[in-house]
Every structure is written in structure tokens, then in C-alpha cells.
Novice: 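What follows is a single structure, and I will ask about it in a moment.
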Amino acid sequence: MNIKQAKQEIINTVHAYLTKDELGNYEIPVEKQRPILLIGPPGIGKTAIMEQAAKECGINLVSYTITHHTRQSAIGLPFISKKQCGDEEMEVTEYTMSEIIASIYDQIERSGVKEGILFLDEINCVSETLAPTMLQFLQYKTFGNHRVPEGFIIVTAGNPPEYNKSVRDFDIVTYDRVKRIYIEEDFSVWKEYAYKAQIHGAVMSYLEIKKDHFYSVVSDLDGKRFVTARGWEDLSTVMKVYEKLQLPVNYDFVVQYLQDEKIARDFADYYELYNKYKNVYRIPEILEGKIPEDSLSIKNAPFDEKLSLLGLLLDSLGQEFVSYAGKKSAQESFFEQLGFLREDLKTGKGSASEILSRQMESCDALLKHRKKAGMIGKDEEHAMASAISAMKECLSELAVHGSGTAKEDFMLVKKMFDRREESRQQEIGNTGRHLTNAFAFLAKVFGEGQEMVIFLSELSAGYYSLKFVSECGNEAYYKYNRLLLLKERGQELKEEAMELLEME
């Protein structure tokens, strides 16, 4: 299965394992809750989906790469204790608590949540001295004398032997005690994630043209050459910072992340072209509805160049869609705080400044707590931080213009909210206009050809673009979507009719 299906299977397993009966006991007894074993090539996102699954389920995640551990750190250190055996007191070897088990209890204390996932990566690459401990762990869910706490589901991961010489195969007895899931790389699935993760537009455009360069692991006489999904994502992250600092993004830089010289050089060359197209086709002007004469020449350009132009349009619009989602969440969070302020002012719990100060401190403490516990996503963190920033601005405004009267001070704060909302609505209008102008440009140059189909498909596949269109609407999107759907259905009917004629 692909990585998206694997993530859903993990979420389904979490829900099933944590379901309790009317007496409060797990429907599936702990001893029958098989650990999950993910087997798949390196760098396709096994660790990333664990973080996503835990956040979506609202539970803890404790993650370890088990190859970093020795037998002592995994099962604990031995010590001598005394134990009564019949009529005789005997000295017995026991073990201190495993570092891994101890970290689970630490995480429970930090988060206040008793359920979670224990994720152990590279489970099939442990040293010979640690191998028996891992087999015991998979079979009995114990490290030394200590069991994994109830409510924590075990997920492990490993690479197939063709990717790692250190891999040791498990025997049938062990495999018969785990829930094994094989994962394969899949660019179309990764692309959905990439849009939400805001992967650099040049990376997205390049991989759309060279899909076979998305994932590659080659071992030959020259050694190992590889490119992974993790490599592309890490490259994208650093590229954005390099561009901000005006540092060169060239082959010498790219090959540090794409460790296949041929693919690295090919992408570095493409990146130069991508920037050239950005200047030639003047995307900001197109989005403002001014179609430069030079841009019309794209109609006769090679298909690779057309895909690059589409990528540039989508990347530029994508930044606006992301901004829309972020500001919407921030404004909703701020609005919630306004509701609390109004209620507290009605019940006389202090002045507006005093109440806002308490709310801000409470939000800040909650944000820090959730960050420390690792139980907050990037979007939610940004929304909370923006709401705190807005409350700080309100406090500054109240310090200068506040009257001390509950109603007047609340209206002063509400005016600040309204100004933010007015600015946000203006941005929504601009983004909608830019999207409409992009459709107008494509229709003028390509009509309803495959370029329009690709553009619509990518918009529909993107998390933030689809969020914007579904929440704000866009007539041009609906228009061309309907036209292309009708066109596609018409072609299907034509093919069906031809088949019937052939049968006669």
C-alpha cells in the first residue's frame, strides 16, 4: 500500500485498540493488540505519518530509532535485590527501568494524556546483542522487567534487506505476532502531502515533468546513489531560506540532498530555467489581469516549459491560499477570545485590560504546554500565536485610548478585530481575482486543452487551494470545472456509442 493508506491503517488500528467496552476494558485485550510493523524503503515518510496519526488521534507519540540503543539502555541496568524464596532469602538480579519505558511515563506526565503510540524505527537493524530483546519486546511488549503501559500502541518500522545490509529477518514466530504492512513509494500520494507542506514550486514542477526522479535507489560499482521523498522535502525547506538570504542554489548545494549526481545536476539545471521562466512570463502581471505579449508565446513552447509555467502560477497562488488559511484560523482564535472577554466583562471579573492580560497569559501557557508535549500542529500553533499577538496589540491600544468603562473598552477591542477582518476580506477578494485572472490567461492561450485540465486537477488536489475555493467560491473555477466534466462525459458517451455500433 502507499504511505497515505498506511497512515489511515494506523489511525484505524489506534481507534480499534483504544475502544473500550461498557466496563471500561479494552475491546481487544492488550495481549491481542499486535504491534504494527511497517516495512518500506528509506525516506518515504514513515516517521512523518506517525506524527500526523498521533496528532489526528489526539494522543501521545514517543519515538526512538532503536539502532541508537544498547542492550543496557533498552532493558535497563542490572542490580541485585533480595527476594524471599520459600523459607530462604535469595539474591536476585533485577533491572532498572528502561529509558524507553521511562520516557513514556514522562510524556504522559507532560501531556496529561494516558494513551499514545510508541514508535521504534529500524527495528530489524538492531545489533546482535539487542536482537533477543527486540524479539521479546514484539512478543510480550516488555523491556526487561517492565511492560509498555496500557493505552500505548506499538508501531515499528524497518527497511527491506535490499536497502540495508544490516537488516536481519525475523522468524515466522515473530512475524505471526505482528501486524505487518508493506509500503511503496507513490508520487501522486506524496504530491497531496507536498502541497499541504508547501514544498518549493520548482521541486513540484520538476517532479511533475520527471516523475521517475521522485524516488531512486541504485547500487552499482560506483557505490550507492539515492534520492528520496525526505531528500526532496529537506532540499525544499533549505532552498527557501537560501533564496531569502540570496545564497546560490546550484549543483554543489543540490547534490548534498539529492545524492545521485545525475538527478542533482538535472534539477540544478531545471532550477535555473525555472527562475528564467519566472522573469520571462511575469506571473504577477498575469495574476493582475495584464497579459504580457511575451507570455502568449508559451502556446508554441515545449510541453515541459508549459508545465513549468503552470507550476509558477500554482506556486504563486498557493502562497495566497496558505495565507488565507492561516489568517482565517488566527481570526477565529481571536474571535473566541473576544467572546470570553465579553462574558467576563458582563460578570464583572475585572477591567478589559485585566481580563485580556489573564487570557493572554492562559493562552501562552497552554501553547507552551502543548508544544512541550508535542501535541500541537504547525497551523494550530500559528493560530494561537497570532491570537496572543492580537491580544498584545489590544492591550497596547487600551493603555493609550481605554476609558476604563467595560462597554467602551470592549468596543475599542472589537474595532481592532473589525479592522483585521476588513483587511482579511480584502485579501480574499484579491486572491479570488488572481485565480480568476489565471483562468482567463490559460483560456486565452490554451483554450480548454490539457493545460487547463492539469491546472484544474492540481488546484483540486491541493489542500489549501481546495479549502479556499470551497469556503470562498470562485466562478471561474466552477465554470471550467463544469465545462471539462461535461466534455469528459461527452467523450465517454461517444466511446460507448462507438462500442455499441461495433457490436452491431
Side-chain angles (χ1 to χ4, degrees), residues 1-21 25-42 44-47 49-50 53-54 57 59 61-71 73-76 95 98 100-101 104 115-185:
M1 63 176 66
N2 60 48
I3 199 76
K4 183 179 180 182
Q5 293 167 328
K7 173 188 163 184
Q8 189 57 52
E9 187 57 39
I10 290 165
I11 290 172
N12 292 346
T13 303
V14 167
H15 290 321
Y17 284 2
L18 297 183
T19 298
K20 294 181 178 179
D21 61 21
N25 299 315
Y26 290 113
E27 291 275 9
I28 302 171
V30 173
E31 60 271 14
K32 294 294 183 184
Q33 294 180 7
R34 289 190 174 198
I36 297 172
L37 173 61
L38 304 174
I39 297 291
I44 62 169
K46 295 189 288 292
T47 304
I49 64 167
M50 298 314 308
C57 294
I59 58 176
L61 174 67
V62 175
S63 179
Y64 277 96
T65 300
I66 199 62
T67 48
H68 296 170
H69 280 268
T70 63
R71 186 173 182 275
S73 65
I75 70 170
Y95 290 87
S98 157
I100 295 171
I101 300 293
I104 294 175
E115 296 172 328
I117 295 171
L118 171 60
F119 177 59
L120 300 181
D121 201 5
E122 299 183 6
I123 189 77
N124 57 351
C125 296
V126 294
S127 64
E128 199 163 326
T129 57
L130 197 52
T133 300
M134 286 300 99
L135 296 179
Q136 179 194 37
F137 166 72
L138 289 172
Q139 291 179 24
Y140 304 110
K141 300 173 186 169
T142 61
F143 278 117
N145 300 336
H146 304 278
R147 288 181 64 85
V148 174
E150 284 194 5
F152 261 74
I153 292 153
I154 298 165
V155 183
T156 65
N159 303 137
E162 59 266 31
Y163 295 101
N164 196 326
K165 290 179 182 177
S166 304
V167 166
R168 57 175 66 245
D169 202 7
F170 294 133
D171 55 29
I172 293 174
V173 175
T174 304
Y175 275 132
D176 197 33
R177 284 177 167 83
V178 299
K179 183 175 179 176
R180 184 164 48 166
I181 299 174
Y182 283 97
I183 309 173
E184 296 177 345
E185 69 274 11

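Since the model is a prediction, treat every value here as computed from it, not as a measurement. For reference, positions follow the sequence shown, starting with 1.
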Novice: Sequence neighbours left out, what passes side chain to side chain donor-acceptor pair (under 3.5 Å) with E150? Give chain and number order.
Specialist: none

Novice: If you count the non-hydrogen atoms of other residues, nucleotides and ligands that lie under 6.0 Å from CD in E184, is the total more than 12?
Specialist: no

Novice: If we only count heavy atoms from C-beta on, is the E9 to I36 side-chain gap below 4.5 Å?
Specialist: no

Novice: Quick one: CG on D121 to CG on N159, what's the gap to the nearest 0.5 Å?
Specialist: 7.5 Å

Novice: Name all residues meeting the salt bridge (Lys or Arg N to Asp or Glu O under 4.0 Å) criterion together with K7; count only those two or more places apart in sequence or in a different chain, and write none if there are none.
Specialist: E56

Novice: Rounded to the nearest 0.5 Å, what's the gap from CZ on R177 to CD on E31? Could you check?
Specialist: 12.5 Å

Novice: Using salt bridge (Lys or Arg N to Asp or Glu O under 4.0 Å) as the criterion, list what pairs up with E115, not counting sequence neighbours.
Specialist: none

Novice: Are F143 and F137 an aromatic pair by the rule of ring centers under 6.0 Å?
Specialist: yes

Novice: Measuring from atom CD1 of I104 to atom NE2 of H146, what distance do you get when rounded to the nearest 0.5 angstrom?
Specialist: 12.0 Å

Novice: Using a cut-off of 6.0 Å, state whether more than 12 heavy atoms not belonging to K4 lie near its atom NZ.
Specialist: no

Novice: With rounding to the nearest 0.5 angstrom, report the CD1 to CD1 distance, I10 to I153.
Specialist: 10.5 Å

Novice: Measuring from E122:CD to M134:CE, what's the distance to the nearest 0.5 Å?
Specialist: 12.5 Å

Novice: Decide yes or no for V148 and I101: does some side-chain heavy atom of the first lie under 4.5 Å from some side-chain heavy atom of the second?
Specialist: yes

Novice: Can you measure from CG (L37) to CG (L120) and round to the nearest 0.5 angstrom?
Specialist: 11.0 Å

